[in-house]
Amino acid sequence: MYQVGKNQSKSIDIFSFPLNSPFIVQLEGFYFYYLLKEETMAHRHAKDFDSRPKKYVLAEFPYPSGSGLHIGHAFTFTGADVYARYERMQGKNVLFPIGWDAFGLPTENYAIRTGRKPQDVTAENTATFRRQMERLGLSFDYERIVDTTDPKYYKWTQWIFIKLFEKGLAYKQEMPINWCPSCKVGLANEEVVNGNCERCGSPTSRRRISQWVVKITDYADRLIDGLEQTNFVEKVKAAQINWIGRSEGARVRFDIVGHDRELEVFTTRPDTLWGSTFMVVAPEHSLVAELCLDQPGVKEYVERARTKSDMERVELSYEKTGVFSGLTAINPATEEEIPVWISDFVLPTYGTGAIMSVPGHDQRDHDFASKYGIEIRPIIKTTDEWDFSQAAYTEHEGIMVNSGPINGLTVKEAIPAAIKWLNDHNKGETSVSYHLRDWIFSRQHYWGEPIPMIHCESCGWVPAPVSDLPITLPDVEKYEPTDTGESPLANITEWVETTCPKCGEPAKRETDTMPNWAGSDWYFLRFVDPNNDDVLADMEKLKYWMPIDVYIGGDEHNTLHLLYSRFIYQFLYDLGVVPADVPEPYYRRMSHGVILGPDNQRMSKSRGNVIVPDVLIDEYGTDVLRAYMMFMGPFDATMAWNERALLGVKRFLERFERLVETQAGTHSETPKEIKALIHKAVDKLNFDLSNFKFNTAVAKMMETLNGISDHGGAVNPADLRMLVQAFAPIMPFFAEEAWAKLGGKGSVHASDWPEVDPALVKEDTVEIPIQVNGKLRGTIVINRDDDQETVDQAARQVEIVAKHLESGTVRKVIYIPAKAINYVVK
RNA sequence: GCCGGAGUGGCGGAACUGGCAGACGCGCACGACUCAAAAUCGUGUACCUACGGGUAUGUGGGUUCGAUUCCCACCUUCGGCACCA
């Protein structure tokens, strides 16, 4: 069917052929199954509203970097592709889309360096990615490609922002942000790792800049509760819950002596209120600026805390520093006067930015009190002798003492009792705090979605009219961010200057752009309806396709991307633009593994251990690469690259190819043993492919081939075709060719998954172990449905077993049908 | 410190709801083919053994007729969070 130049050695540039040209070449002695045949890809298109059951399989879309698709992408996408192909053969209507998360700094930086337009660089990179993907045989529905930098797409990203603004979930605020002096950009908390910029690694500092902030904290509880409706693995759920960091406690109000003011704190231990001997406020707390600046040392301390970089804060974390504020507060429980201190160990962004300090029962407070000579007052009676001069007692065990009305209660009883006391005396109430912060949404960069807001002197911030969307990025000469922290857009007067949509007076556009996450928050909805100009996606189509059945992605996105996109989805849910019966976007989350270099180190250019898929395809062909990647280990594991092991897969493929060559066109009668092997293999692959156990699937393929040759290697082409079908998801090109050679009709990828004969899979006879006192003493072949007596009789005949039974009396015989028989001998 | 995984041959890794530990592949050894090498094909490959067996799935206990699998404690390691009151 396909012309194959058997003994030619020639070099072919595959890119010189149009995509989809039916062609297979052979070079250097073996086949390369990478050129595309229409049949191989023909069934990739998802059909809206088709009557077959739908399956939405999604792998995180990539950032199309200039260095091209790397082996990690290849691994992840291949796994997803195997699964998608398998599901298609199961008769599912599979949506398996791909797109480009193309806004972002690397492209912008590259554009600056080379003096080219980011738009052009992006177009080039995405074309390369696409070509590489097709070469890997990835059966994405390329007609549904979504590009976050396409104005037709980001029109809706902007629309979502306007809705957030309208619902009061986006506001502009001057706030201290993490600033990367190298990238010249503000960073979200989560983009700062150990005080360094996540992207470039330089140390960050703090800066006050007016920022758009999105109130993700309003959804904190929903984001936790919603996890119950998903099938995420424990690790992912835990990471999200951990990240949100919900803690329950109480707010308590302290009066300030000599001022008509209260100082409110958050605590998870209201029971320890009677032991609070001082208070601490963050240097950034409003009370400090209002009342304390005259106190000696305060101004200096506040100034130093402000200029401290995050690095310094982390380094200095062991030695707490502080200064007395000059203020005194009244402990509402003891009515004693207690000092108020200022220290940067109290975070301005958590709780109320102020704490009540209980040095007897909180280690940080203990550290601070010890250093500054503040009273440490125990209020929980510990069972054994506890040296309160050495450490705080922080266990939730013990009996309350010195605590007035809650004396004698256990800690667990005391917490609600203390809250009730606070309520009764109007000094506080139950409260919840979160580690999760609101989401800083501004970036001072060019290559991102413009934030569609207009500032008017008289009307304030006004959203751009929806009819004006998208607000497109203007062409600019220079992409460099400015030192003032403004985005390059600020210099384009004709773009910045506009009129207020509300009053018609002159006004200015927001020049900040959105963070990278914005485009990836909702892309999965757009795949359902990629070209809609009226809504972000058609409701009926969403009802058909959502939720995503499997979402395959990296663990590094378990907190940020996954949380942000769930939040945006929940927000869209509240707007009513996504289906009412789909409260969560992702039903199941699959983590993919990481491929390390041959030296067991993370791949990086500087280490020189990078494996490039294109080179491997040139040398071994797509199918060998795919099968090897799937064979390396469990789909979610961390694995080292081993090119020797890849050769084992190559040998397997060649041996299978030889089998196909020799059996094609024959009419051999397939021996029963071989037939059974084939049916068992199909059965096993059916299980493995549907459970992402690709490594054992490949092992089974190899095992089956070994078995066939052990039994003489004569197989009827019709039986062999079954095997080819089961191999097809993993080795799509080879399977297509073999299918044709063996007389298969149409494309193997459009064929229905073969049905197995249960009688062949589950044989009548089975070999089981014979144990004496749990030790293996022999095996015996029995009929699957033999009763205990029959098996017992037969087992006792086995010589070695008989010998062991003679050493004592048989007290008990345990027979597990078709599994094992065990004699208890004493 | 808190949360979540993982520890199995020389190596990557198998083992469904407790039932023959080490599938499959790599590596290694020997053999066939070859003048020779490569490639290919075949055989073997956990450890000890007085050849009867015995010991082995990080360590120590426990449950069970039987534990890689379940329970408890500990060790190591990877990932996430961490001055979050």
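The figures that follow rest on heavy atoms only: side chains count, while hydrogens, waters and symmetry mates do not. Reminder, nothing fancy here: chain letters follow the sequence lines and each chain counts from 1.
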Once you apply a heavy-atom cut-off of 4.0 Å, does A:Glu767 come out as touching a base, just sugar-phosphate, or nothing? base

Measure centre to centre between the rings of A:Phe734 and A:Phe656, then say whether the value is under 6.0 Å. yes

Any A:Lys235 side-chain N or O less than 4.0 Å from OP1/OP2 of B:C78: no

Using every non-hydrogen atom in the two residues, find where A:Leu659 and A:Leu705 come nearest and quote the distance to one decimal. CD2-CD1, 3.8 Å

More 5' along RNA chain B: A:Ala820 or A:Ala637, using each one's nearest nucleotide? A:Ala637

Have a look at B:G5 and give me syn or anti from its glycosidic angle (syn if within 90° of zero). anti

Inter-nucleotide C1' distance (B:C74, B:G66), Å rounded: 26 Å

B:G61 and B:C11: how far apart are their C1' atoms, nearest whole angstrom? 32 Å

How about A:Glu60 and A:His557: does a side-chain donor come under 3.5 Å of a side-chain acceptor? yes

B:U45 and B:A50, which share atom name C1', separated by this distance in whole Å: 25 Å

Partner nucleotide of B:C33 by Watson-Crick or wobble geometry (both distances under 3.5 Å): none

Any side-chain donor paired with an acceptor under 3.5 Å for A:Tyr815 and A:Asp787? no

For A:Thr349 and for A:Thr638, locate the closest nucleotide of RNA chain B by heavy-atom distance; then report the residue assigned to the nucleotide nearer the 5' terminus. A:Thr638

Heavy atoms from C-beta onward define the side chain here; which of B:C24, B:C65, B:U40 lies closest to that of A:Arg658? B:U40

Indicate whether any N or O donor in one side chain lies under 3.5 Å from an N or O acceptor in the other, for A:Thr349 and A:Arg437. yes

Mind checking who B:G1 pairs with, Watson-Crick or G-U wobble, both distances under 3.5 Å? B:C81

Minimum-distance nucleotide to A:Ile814 side chain [options: B:A85, B:C65, B:C26]: B:C65

Suppose you measure atom C1' in B:A56 against the same atom in B:C33; what distance do you get, rounded to whole Å? 40 Å

Set out, line by line, the N/O atom pairs under 3.5 Å between protein and nucleotides 69-72 of chain B.
none

Assign A:Lys775 to base, sugar-phosphate, or nothing according to its heavy-atom contacts below 4.0 angstrom with the strands shown. sugar-phosphate

For A:Glu703, answer base if it contacts any base atom (sugar-phosphate contacts may also be present), sugar-phosphate if it contacts only those atoms, and nothing otherwise; contact means non-hydrogen atoms under 4.0 Å. sugar-phosphate

Would B:G52 be called syn or anti here, given the cut-off of 90° from 0? syn

So what does A:Lys684 touch, heavy atoms closer than 4.0 Å: a base, only the sugar-phosphate, or nothing? nothing

Taking a pair as Watson-Crick or G-U wobble with both distances under 3.5 Å, which nucleotide is matched to B:C47? B:G54

With a 4.0 Å cut-off on heavy atoms, is A:Thr696 in touch with a base, just the backbone sugar-phosphate, or nothing at all? sugar-phosphate

Hey, is the side chain of A:Asn706 poking within less than 4.0 Å of OP1 or OP2 on B:G25, counting only N and O atoms? yes

Partner of B:A38 under the Watson-Crick or G-U wobble criteria, both distances under 3.5 Å, comes out as none

For A:Thr559 and B:C81, is the shortest distance between a side-chain N/O and OP1 or OP2 below 4.0 Å? no

So, is A:Arg246 near the phosphate of B:C81, with a side-chain N or O under 4.0 Å from OP1 or OP2? no

Could you tell me whether the side chain of A:Asn242 has a donor or acceptor atom within less than 3.5 Å of a complementary atom in the base of B:C81? no

Does B:C26 have OP1 or OP2 under 4.0 Å away from a side-chain N or O of A:Arg651? yes

List the residues meeting ring-ring contact (aromatic ring centres under 6.0 Å, His included) with A:Phe687, not counting sequence neighbours, and say none if there are none. none

Check whether the side chains of A:Asp688 and A:Thr696 place a donor and an acceptor atom closer than 3.5 Å, and report yes or no. yes

Which nucleotide, in any strand shown, forms a Watson-Crick or G-U wobble pair with B:U17, with both distances under 3.5 Å? none

Side-chain donor-acceptor pair under 3.5 Å between A:Asp792 and A:Tyr823, yes or no? yes

Does A:Tyr393 reach the main-chain N or O of A:His396 with its side chain, forming a donor-acceptor pair under 3.5 Å? no

How far, in whole Å, is B:C51 from B:G42 if one measures between their P atoms? 36 Å

Would you say a side-chain N or O of A:Asn773 is under 4.0 Å from OP1 or OP2 of B:G66? no

